[in-house]
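Ligands are counted one by one from 1 in listed order, and the atoms in each one are counted from 1 as well.
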Amino acid sequence: MSLEQQARPLIRADNFIDGRWVAAQSGKRFVVTDPATGECIAEVADSGPQDARAATDAAARALPQWRARLPTERAAVLHRWHALILANQDALAALISLEQGKPLAEGRGEVAYGASYVAWFADEATRIYGDLIPQRQRGKKMSAVKEPIGIVAAITPWNFPLAMIARKIAPALAAGCTVVGKPAEDTPLTALALVQLAHEAGVPAGVLNLIASSRESAVEAVADWLGDSRVRKITFTGSTPVGKYLARESAGTLKKLSLELGGNAPFIVFDDADLDAAVEGLLAAKLRNGGQTCVCPNRVYVQDRIYDRFAARLRDRVAALRVGPATDDASQIGPMINLRAVDKIARHVEDALANGATLLTGGRRLTELGPNYYAPTVLGDASSKMALCGEETFGPVVPLFRFDTEQQAVDAANDTPFGLAAYFYSENPRRIERVSRALEAGIVGINEGALSSEAAPFGGVKESGYGREGSKYGLDDYLSIKYLCQGGLE
Ligand code: ADP
């Protein structure tokens with residue numbers, strides 16, 4: 001069966017507002033394509049501000065009843081949604097791979113990963129504690145209770161079409177908030193399928209509303225949420241410039257923001273590292289989704305004494321990777337999301353080579369497979385003057401930088417406005433302690449390349465944003481604290 005046949009029962013092409021599938025009010029549609037072939041998958045509702053407003057109206061109507069439900073009742077709905085996501089794992093994985101391009105095994109992994117946030121926050125919904133504050137004055141009782149913040153607007157990128165939106169919707173619903181959302185224009189279908197399953201799981205009409213739009217229409221549609229004082233929070237994963245824009249434009253109504261923005265992750269290999277483990281960890285971290293994740297190592301620093309050995313092992317492993325469409329079970333790396341992404345990768349590689357990098361493997365477009373494919377690439381002798389050092393490449397390119405001392409590596413790693421993930425490999429416990437503390441990042445991998453977990457706080461520092469997703473901290477972003485002071489008790 002083709003990916004499309006597997007995914008077909010879950011494909012929805014309209015907006016989901018107030019518990020119903022509706023076309024965009026303008027009647028406009030935009031085309032969603034398969035990045036492996038360029039073929040049209042579906043023509044999806046192209047929403048504007050009227051659709052955004054209708055979604056907010058529905059979310060506002062649904063809020064009083066949803067927030068009044070017992071946490072155990074909200075948890076039960078989320079658990080049913082979790083079960084339905086897993087029951088549809090194959091079809092959802094096919095849909096993810098179809099619209100995003102990742103290998104099918106990764107698509108299945110994403111379904112399980114995204115679902116794990118739903119189960120996690122279902123449980124967390126029942127553990128939203130407050131505080132009884134120790135008494136300071138006779139006759140007065142002081143307490144702090146947590147309340148849902150209100151309507152949440154969720155805006156997500158294309159690289160994890162299911163997980164990124166699941167880990168925003170789940171904590172919002174767990175907290176008692178209602179949601180309006182807009183998935184990325186490249187990959188709206190998985191998110192739309194997910195809300196259909198939420199509906200089947202018993203999420204009441206108006207509690208979860210999703211609109212799709214092309215990139216052009218998205219600006220005006222989202223602007224309606226930014227200016228609407230009923231929307232109390234924006235949760236966004238995407239690029240730093242768009243995150244800053246959302247922060248600026250929502251300042252008029254002082255919304256709370258969670259921003260999970262771009263990274264420029266360093267990966268340091270010290271000369272006391274287990275080299276085989278470091279190579280494997282780097283491949284796991286770098287090649288997930290073909291290098292298109294915001295925690296992918298973007299700069300790999302290797303200490304002088306082991307540089308040549310490490311580079312040779314890495315080159316051999318990368319040169320052996322299989323590139324191809326998700327329909328081929330042997331594929332380890334799929335197409336990039338679109339031609340714009342491939343052009344950026346090619347620009348970074350050309351710029352690096354023009355500035356003194358050496359090509360160890362790859363370094364070309366794989367046009368024989370299709371326009372969106374790029375060969376997994378290793379570049380030696382990278383330096384800070386290259387574009388790939390300052391910007392996220394977001395593709396299967398590994399640049400190796402040589403360093404001498406620990407301090408040089410840490411300084412170079414921190415020499416970026418970003419601070420999402422950082423990784424290092426060392427077998428020295430004192431160095432592990434020093435470097436873990438010195439790295440300016442929200443997430444640090446120590447002798448480990450796979451860091452994501454629903455139980456861990458995911459988020460950045462510096463211009464990688466603020467707020468945390470997952471973990472016991474993940475609900476705080478969707479709650480506000482109310483202080484209650486009761487007098488006259490004596
Ligand atoms: P990427 O580079 O990964 O596409 P973006 O930050 O451009 O990241 O996009 C992430 C999400 O933000 C997408 O859903 C996109 O449609 C949305 N988006 C991009 N620009 C704007 C904007 N000006 N206003 C509202 N949403 C936007």
| query | At a non-hydrogen distance cut-off of under 4.0 Å, which region of Asn159 contacts ligand 1 (side chain, backbone, both, or neither)? | reply | neither
| remark: To atom 1 (P) of ligand 1, the nearest of Phe394, Tyr245, Trp158 on a heavy-atom basis is Trp158
| remark: A student comparing Glu185, Gln292, Lys344 should find that the heavy atom closest to atom 15 (C) of ligand 1 comes from Glu185
| task | Answer with yes or no whether Phe236 contacts ligand 1, where contact means a heavy atom under 4.0 Å from a ligand atom. | result | yes
| Parallel, tilted or perpendicular: which describes the rings of Phe121 and Tyr117, with under 30° parallel and over 60° perpendicular? | parallel
Give me the residue, atom name and distance of the protein heavy atom closest to [atom].
| atom | result |
| --- | --- |
| atom 26 (N) of ligand 1 | Val222 CG2, 3.9 Å |
| atom 18 (N) of ligand 1 | Val242 CG1, 4.0 Å |
| atom 7 (O) of ligand 1 | Arg215 NH2, 2.4 Å |
| atom 6 (O) of ligand 1 | Ser239 OG, 2.6 Å |
| atom 14 (O) of ligand 1 | Thr156 O, 2.7 Å |

| Taking the six-membered ring of Phe418, is NZ or CZ of Arg299 closer than 6.0 Å to its centre and within 45° of its axis? | no
| Salt-bridge criterion met for Glu260 and Arg167 (N-O under 4.0 Å) | yes
| field | Distance filter under 4.0 Å to Ile155 heavy atoms, resulting ligand 1 atoms | value | 11 (C), 12 (O), 14 (O), 17 (C)
| message | Closer than 4.0 Å to some heavy atom of Gly238 - which atoms of ligand 1 meet that? | response | 6 (O)
| said: Please find the pair of heavy atoms, one from Gly176 and one from Arg67, that lie closest to each other, and give the distance. | reply: O-CB, 3.4 Å
| task | Taking side chain to side chain contact (heavy atoms under 4.5 Å, CB included) as the test, write out the residues that go with Ala278, two or more places apart. | result | Val269, Phe310, Tyr425
Name the atoms and distances for all side-chain donor-acceptor pairs under 3.5 Å in residues 189-199, with sequence neighbours left out.
unit_1, atom_1, unit_2, atom_2, d
Thr190, OG1, Glu99, OE2, 2.5
Gln196, OE1, Trp21, NE1, 2.9
Gln196, NE2, Glu200, OE2, 2.7

| query | Between Thr237 and Lys168, do the side chains contain an N or O donor and an N or O acceptor separated by less than 3.5 Å? | reply | yes
| remark: dist Arg74:CZ -> Glu124:CD (nearest 0.5 Å) comes out at 13.0 Å
